[in-house]
Colleague: 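The structure under discussion is supplied below as structure tokens; questions concerning it will follow.
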Amino acid sequence: MNDRGAPKTVHVRAPGKINVFLKVGAVMPDGYHDVATAYQAVSLYEDVFASPASDFSVVFEGGHIDTSGLETDGSNLAIRAARLLARRAGYREGVSLRISKNVPIAGGMGGGSADAAAALLACDTLWGTDLGRDELLALASELGADVPFALAGGTAIGTGRGDQLSPALAKGQFQWVLVLPEHGVSTPEVYRELDRHRERHAQDIFPAQGQPTVDADVLQALRAGDPHMLAESLSNDLQAPALHLSPGLASVLEVGEQNGALAGIVSGSGPTIAFLAADLDGALELQIALSAARHHVVRVTGPVAGARVVAD
């Protein structure tokens with residue numbers, strides 16, 4: 001470990017994500033599901049600032065998200081990430097974390113995972129532990145399914161619980177317009193609703209795969225950088241249960257698709273809705289239309305890099 005000349009504060013920025021494809025396998029004996037997903041990191045970021053301290057603490061300052069309901073004790077995922085790194089590296093001090101949130105809370109975009117990924121990289125840099133990318137990714141997978149992708153960024157295929165990553169070739173830049181939720185939803189509750197949905201419709205739908213895979217047309221669309229092709233292949237097994245739990249999302253999807261979106265999809269477990277536009281002009285027009293309908297709207301692009309140290 002080498003802390004000579006280490007900076008007093010390290011600033012790391014990590015992106016939120018959209019699941020452009022998400023297939024969920026059957027529920028396993030432990031209550032979890034294997035998934036196959038295509039992640040895309042987008043330009044909506046969490047900013048984490050790490051400073052030396054004798055203990056571990058986190059505060060939320062700045063950003064555009066109401067963080068009043070978030071835990072700041074040891075259950076916070078960023079604190080858990082810092083403690084995990086300290087244990088692994090044998091570091092005996094602590095860290096003061098300051099987080100500026102812009103990714104919606106419990107919105108299906110991996111905001112908490114981005115905080116954890118940023119905390120890992122920030123502490124590794126601050127403490128001079130120099131674990132390297134592979135070991136940081138291994139630690140990330142211990143913290144949650146989306147944390148490794150927030151660290152890696154870009155476009156990737158996730159299998160297992162989403163934490164087993166392989167890079168996916170993606171050409172060009174995709175234009176997205178996000179409708180951010182007023183209230184979050186519980187990811188476990190959406191998965192439970194999926195299981196109930198499958199039980200209710202067992203005679204009408206194919207049984208869930210044990211080990212799902214990402215459809216080839218999704219990979220082809222990403223490789224081609226073609227938004228029209230990607231729009232045709234967007235898919236999310238969690239969309240039906242998310243709509244069942246939050247029926248108002250259906251009208252949001254309808255408004256977006258009536259105003260030029262190539263397609264709309266619930267991101268992850270929702271309730272954020274991601275609309276894919278054909279180009280920048282289309283995204284700007286869609287942003288205006290959805291804002292006029294009194295939705296909280298953000299225009300983003302993808303793919304973008306994963307967690308990175310920012311030189312302030």
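Since this is a predicted model, take the numbers as computed values, not measurements. Residue numbers count from 1 along this sequence.
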Colleague: Do Asp163 and Val147 touch side chain to side chain, with heavy atoms closer than 4.5 Å?
Modeller: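 SC-SC contact between Asp163 and Val147 ruled out.
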Colleague: Please answer: with hydrophobic residues joined when any side-chain heavy atoms are less than 4.5 Å apart, are Val214 and Leu165 in the same cluster?
Modeller: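 Val214 does not cluster with Leu165.
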Colleague: So, Asn76 side chain and Ala78 main chain: donor-acceptor pair closer than 3.5 Å or not?
Modeller: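 Checking the backbone N and O of Ala78 against the side chain of Asn76, a donor-acceptor pair under 3.5 Å is found.
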Colleague: Taking the six-membered ring for Trp, are Tyr39 and Phe149 parallel (under 30°), tilted (30 to 60°) or perpendicular (over 60°)?
Modeller: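 Taking Phe149 first and then Tyr39, their aromatic rings lie parallel (interplane angle under 30°).
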Colleague: Could you tell me if the side chain of Ser246 sits less than 4.5 Å from the side chain of Val185, heavy atoms only?
Modeller: yes
Colleague: Return yes when atom CD of Glu232 has more than 12 non-hydrogen atoms of other residues, nucleotides or ligands closer than 6.0 Å, and no otherwise.
Modeller: no
Colleague: Heavy atoms, side chains only, cut-off 4.5 Å: are Leu280 and Arg299 in contact?
Modeller: yes
Colleague: Any side-chain heavy atom of Thr159 within less than 4.5 Å of one from Gln211?
Modeller: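 Side-chain contact under 4.5 Å: no.
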Colleague: Could you tell me whether the side chain of Asn102 and the main chain of His64 form a donor-acceptor pair under 3.5 Å?
Modeller: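 Yes, the answer is positive, given that a donor and an acceptor are paired below the 3.5 Å cut-off.
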Colleague: Can we say Arg88 and Asp124 salt-bridge, meaning some charged N sits less than 4.0 Å from an Asp/Glu carboxylate O?
Modeller: no
Colleague: Any side-chain heavy atom of Val48 sitting closer than 4.5 Å to one from Leu97?
Modeller: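 Answer yes - side chains close enough.
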Colleague: For a salt bridge (Lys or Arg N to Asp or Glu O under 4.0 Å) check, start with the C-alpha distance between Glu142 and Arg80, then their side-chain angles and the critical distance, and finish with the verdict.
Modeller: CA-CA 10 Å; Glu142 295 183 34; Arg80 289 170 53 201; over 6 Å; no
Colleague: Does any non-hydrogen side-chain atom of Asp195 lie less than 4.5 Å from one of His33?
Modeller: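 Yes; the side chains approach each other to less than 4.5 Å.
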Colleague: Verify the neighbour count for atom CG of Asp134: are there more than 12 heavy atoms of other residues, nucleotides or ligands below 6.0 Å?
Modeller: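 Atom CG in Asp134 is not packed in, count stays at 12 or less.
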Colleague: Does Leu238 reach the side chain of Asn19, with side-chain heavy atoms less than 4.5 Å apart?
Modeller: no
Colleague: Apply side-chain contact (heavy atoms from CB on, under 4.5 Å) to the pair Leu178 and Ile18, showing each step before the final yes or no.
Modeller: CA-CA 10 Å; Leu178 309 177; Ile18 295 170; 3.8 Å; yes
Colleague: Does a side-chain N-to-carboxylate-O contact under 4.0 Å join Glu189 and Arg196?
Modeller: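 Looking at Glu189 and Arg196, the cut-off is met.
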Colleague: So, do Leu169 and Leu222 sit near enough that their side-chain heavy atoms are less than 4.5 Å apart?
Modeller: no
Colleague: Are Phe174 and Ile157 connected in the hydrophobic side-chain network, where two residues link if heavy atoms are under 4.5 Å apart?
Modeller: yes
Colleague: Applying side chain to side chain donor-acceptor pair (under 3.5 Å) between Lys101 and each of Asp66, Thr67, Asp115, report the one that passes.
Modeller: Asp115
